[in-house]
Amino acid sequence: MRRVLTISFLLSFLFILPLGCQEGEEGDEVLARIGGQVITESDLEEFILTFPPDQQERFKTEEGKKILLEGLINQKILELAAKEVGLQDDPLVKMRMEYAALRVLVGEYFNRYINENLWIPEAQLKDYYEGHKDDYVAPEKVKIRCIVKKEEADARAIYERLMKGEKFEVIANNESEDVSSRSLAGLLPEFDIDGVGAVGVARDKDIQKKAFEMEVGGISNPILTDYGFVIIMVDERIPEGQLPFEEVRAEVARALAVSDEDIASYYDQNIDRYKQTEMYEVASCYFSDKGTAQSALEELRAEKKNFSQVAEESEIEDSAKGRGGYFNWLKKGGMVSALGRSEEAEALIWAGDVGDYVGPVKGEKGWHIFYIKDYKPSGFKSLDEVYDSISDILYSQYRTEAGDRAFADLMDKYDVVNYMELGEYRTMSAKEIMEVAKNASNPVQAINAYKAVVALYPNDEQADKAQFLIGFLNAEELSRFEDAEEAFKKLLKEYPDSDFVDDTRWMLENMGSEAPLSDEVEDAVDEALTE
């Protein structure tokens with residue numbers, strides 16, 4: 001079953017690793033041989049780079065490389081078998097391969113120029129980057145590996161083994177109780193001194209502080225955290241450095257799209273969305289009898305154990321044990337995880353303070369105890385608290401608008417005409433469509449008819465009139481000044497000898513202002529509508 005799953009996973013990336021060499025280059029280890037072709041260490045490393053950045057670390061471990069190599073062998077076997085029966089010459093297969101290549105090409109263009117660049121010109125991006133280089137300096141970072149044990153004695157025993165020379169990665173892979181990092185031999189993503197980028201146990205401030213005090217290869221004593229007892233090894237130190245433009249292109253585009261002023265303005269205009277009631281963040285677990293719950297509570301208060309250890313010994317679900325208990329923000333009258341509404345629990349929590357352990361409280365599942373982790377007063381969330389969420393909202397809006405602009409610009413650039421959208425106009429002459437537009441019941445219907453004239457009959461004597469009226473109706477009837485400007489500029493570009501050029505220039509200079517239409521423009525409109 002694993003063989004099928006692996007090749008299915010690889011094929012989802014629409015990638016074929018080019019293998020043609022008979023032997024690896026000197027110093028390039030041969031990892032597999034398929035007939036007369038080989039897969040080398042450098043082949044594997046290059047293939048890893050084709051995966052999204054957040055998946056690459058997974059395949060840089062020994063176990064990850066083994067899985068990837070097996071998949072590449074399977075892929076190559078299928079490739080050779082397919083070529084042997086001539087599938088590469090099958091018309092349907094060739095067509096699918098062409099479409100697959102096309103999807104990769106257009107997908108890359110969309111991601112790079114629209115989704116990331118937000119359709120902002122390259123020169124504008126670079127100008128902003130050059131003027132804000134101090135904003136794009138990567139701080140010093142560390143990358144660590146961790147081994148997590150719930151019991152201090154177990155962590156101490158592992159520390160002694162490490163001091164005797166056992167490999168950190170092997171123990172982490174086999175014995176760490178941190179599920180998220182164990183498959184990566186304990187490796188965690190890099191983070192800076194402020195904890196930016198930290199995940200899992202690296203969120204603990206003591207872990208972060210210790211990591212920046214250690215040298216590469218250094219191993220810490222067990223550190224008590226909410227996750228249990230953690231031993232860390234510094235895997236890499238990454239010095240501070242200027243980030244090149246190519247690496248921060250998307251960040252630069254986002255900075256241009258969504259400014260601090262935009263975010264502050266949105267916050268002020270939508271302040272009522274950010275009301276919050278008084279809340280406590282609590283962790284909880286439960287035991288079947290009151291005495292056990294009371295004993296656990298006393299051990300917590302005496303600092304003999306942390307809450308993660310107590311949760312591990314409790315009778316909650318295994319998934320909750322892995323998180324160190326149940327967690328939730330509790331409002332007055334709100335639901336407590338695994339307990340429901342409880343006036344008794346609520347009273348104990350509201351009478352306590354951050355850092356207190358309270359309970360036990362009887363529920364259907366047993367006796368619950370609580371750890372008060374954090375507190376938020378009633379009022380309004382600060383701008384700092386909601387900054388990122390507002391930024392995401394505005395960024396999403398801008399990206400949607402950027403996509404619309406991009407496709408509009410590209411359709412104009414490549415002179416796109418979708419004849420199916422023109423419907424019945426395709427069977428009519430230019431004069432007939434102009435008559436339909438003149439008798440339309442509203443400006444939008446008229447504009448659509450004039451657009452049909454320009455699309456179907458761009459060289460007809462009616463076309464420049466239609467183009468002028470598209471701009472005029474957008475400006476004067478609908479106050480769509482951007483659409484009007486686009487229409488007028490198209491007239492100047494496509495019909496430079498039109499009788500409406502002077503009137504178009506007047507509209508470009510004066511539309512949106514309080515200036516009345518000039519006599520010449522009024523005459524031009526009458527002429528366009530009557531001829």
Got a sec, which residues hit ring pair (Phe, Tyr, Trp, His ring centres under 6.0 Å) with Tyr280, two or more places apart in sequence or on another chain?
-> Trp350, Tyr375
Under a 4.5 Å cut-off applied to non-hydrogen side-chain atoms, are Leu330 and Phe370 in contact?
-> no
Parallel under 30°, tilted from 30 to 60°, perpendicular over 60°: which one fits the rings of Tyr128 and His132?
-> parallel
Side-chain donor-acceptor pairs of residues 199-217 under 3.5 Å, sequence neighbours excluded:
from   : atom 1 : to     : atom 2 : distance (Å)
Asp204 : OD1    : Asp206 : N      : 2.9
Asp204 : OD1    : Ile207 : N      : 3.3
Gln208 : NE2    : Ala202 : O      : 2.8
Gln208 : NE2    : Arg203 : O      : 3.3
Lys209 : NZ     : Glu213 : OE2    : 2.7

Any donor-acceptor N or O pair under 3.5 Å, side chains Asp43, Thr40 = yes
If you measure from NZ on Lys76 to CG on Leu78, what distance do you get to the nearest 0.5 Å?
-> 11.0 Å
Would Tyr357 and Ile369 count as a side chain to side chain contact (heavy atoms under 4.5 Å, CB included) if you check the C-alpha gap in whole Å, the side-chain angles of each, and the deciding distance to 0.1 Å?
-> CA-CA 7 Å; Tyr357 300 97; Ile369 60 176; over 6 Å; no
So Ile231 and Ile223, side chain to side chain contact (heavy atoms under 4.5 Å, CB included) or not? Walk me through it.
-> CA-CA 6 Å; Ile231 303 170; Ile223 302 168; over 6 Å; no
Any residue meeting ring pair (Phe, Tyr, Trp, His ring centres under 6.0 Å) with Tyr113, in chain and number order, not counting sequence neighbours | Tyr109
Sorted by chain and residue number, the side chain to side chain donor-acceptor pair (under 3.5 Å) partners of Lys365 (sequence neighbours excluded) come out as none
When rounded to the nearest 0.5 angstrom, what is the spacing between CG in Asp483 and CG in Leu478?
-> 8.5 Å
Residues two or more places apart in sequence or in another chain: which of them pass ring pair (Phe, Tyr, Trp, His ring centres under 6.0 Å) with Phe245?
-> Tyr129
Verify side chain to side chain donor-acceptor pair (under 3.5 Å) between Ser342 and Glu346, making sure each step is shown before the conclusion.
-> CA-CA 6 Å; Ser342 170; Glu346 185 177 288; over 6 Å; no
Quick one: pull up CG in Leu339 and NZ in Lys362 and give me the separation to the nearest 0.5 Å.
-> 10.0 Å
In sequence, state the C-alpha distance, the side-chain angles, and the governing distance for Asp178 and Ser180, and then conclude on side chain to side chain donor-acceptor pair (under 3.5 Å).
-> CA-CA 6 Å; Asp178 180 51; Ser180 62; 3.3 Å; yes
Heavy-atom check, side chain of Thr277 versus side chain of Met279, under 4.5 Å = yes
Check the surroundings of atom CZ in Arg301: do more than 12 heavy atoms from other residues, nucleotides or ligands lie under 6.0 Å from it?
-> yes
Do other residues, nucleotides or ligands put more than 12 heavy atoms under 6.0 Å from Lys331 NZ?
-> no
Worked verdict on Lys133 versus Gln242 for side chain to side chain contact (heavy atoms under 4.5 Å, CB included) = CA-CA 8 Å; Lys133 276 194 168 182; Gln242 181 70 49; 3.9 Å; yes
Tell me which donor-acceptor pairs under 3.5 Å the side chains of residues 134-157 have, and how far apart each pair is, sequence neighbours excluded?
from   : atom 1 : to     : atom 2 : distance (Å)
Glu140 : OE2    : Arg237 : NE     : 3.3
Glu140 : OE2    : Arg237 : NH2    : 2.9
Lys143 : NZ     : Glu57  : OE2    : 3.4
Arg145 : NE     : Asp235 : OD1    : 2.9
Arg145 : NH1    : Leu184 : O      : 3.2
Arg145 : NH1    : Ala185 : O      : 3.2
Lys149 : NZ     : Glu175 : O      : 3.1
Lys149 : NZ     : Glu177 : OE2    : 3.2
Lys150 : NZ     : Tyr227 : O      : 3.3

Partner residues of Phe110 under the side chain to side chain contact (heavy atoms under 4.5 Å, CB included) criterion, sequence neighbours left out | Ile114, Asn115, Phe407
Side chain to side chain contact (heavy atoms under 4.5 Å, CB included) with Val196: which residues, sequence neighbours excluded?
-> Asp192, Asp194
Using 4.0 Å as the upper bound for N to carboxylate O, is an ion pair formed by Glu70 and Lys66?
-> no
Among side-chain atoms of Glu46 and Ser42, is any donor-acceptor pair under 3.5 angstrom?
-> no
Assess the side chains of Tyr371 and Asn306: does a donor N or O sit below 3.5 Å from an acceptor N or O?
-> no
Not counting sequence neighbours, list each pair that qualifies as a side-chain hydrogen bond (donor to acceptor under 3.5 Å, both in side chains) and has a residue in residues 288-300.
-> Ser288-Glu315, Asp289-Thr292
Sorted by chain and residue number, the side chain to side chain contact (heavy atoms under 4.5 Å, CB included) partners of Leu102 (sequence neighbours excluded) come out as Tyr99, Val106
All pairs passing salt bridge (Lys or Arg N to Asp or Glu O under 4.0 Å) where residues 381-404 contributes a residue, at least two apart = Arg254-Asp392
Under the ring pair (Phe, Tyr, Trp, His ring centres under 6.0 Å) test, residues paired with Tyr267 that sit two or more places apart = Tyr274
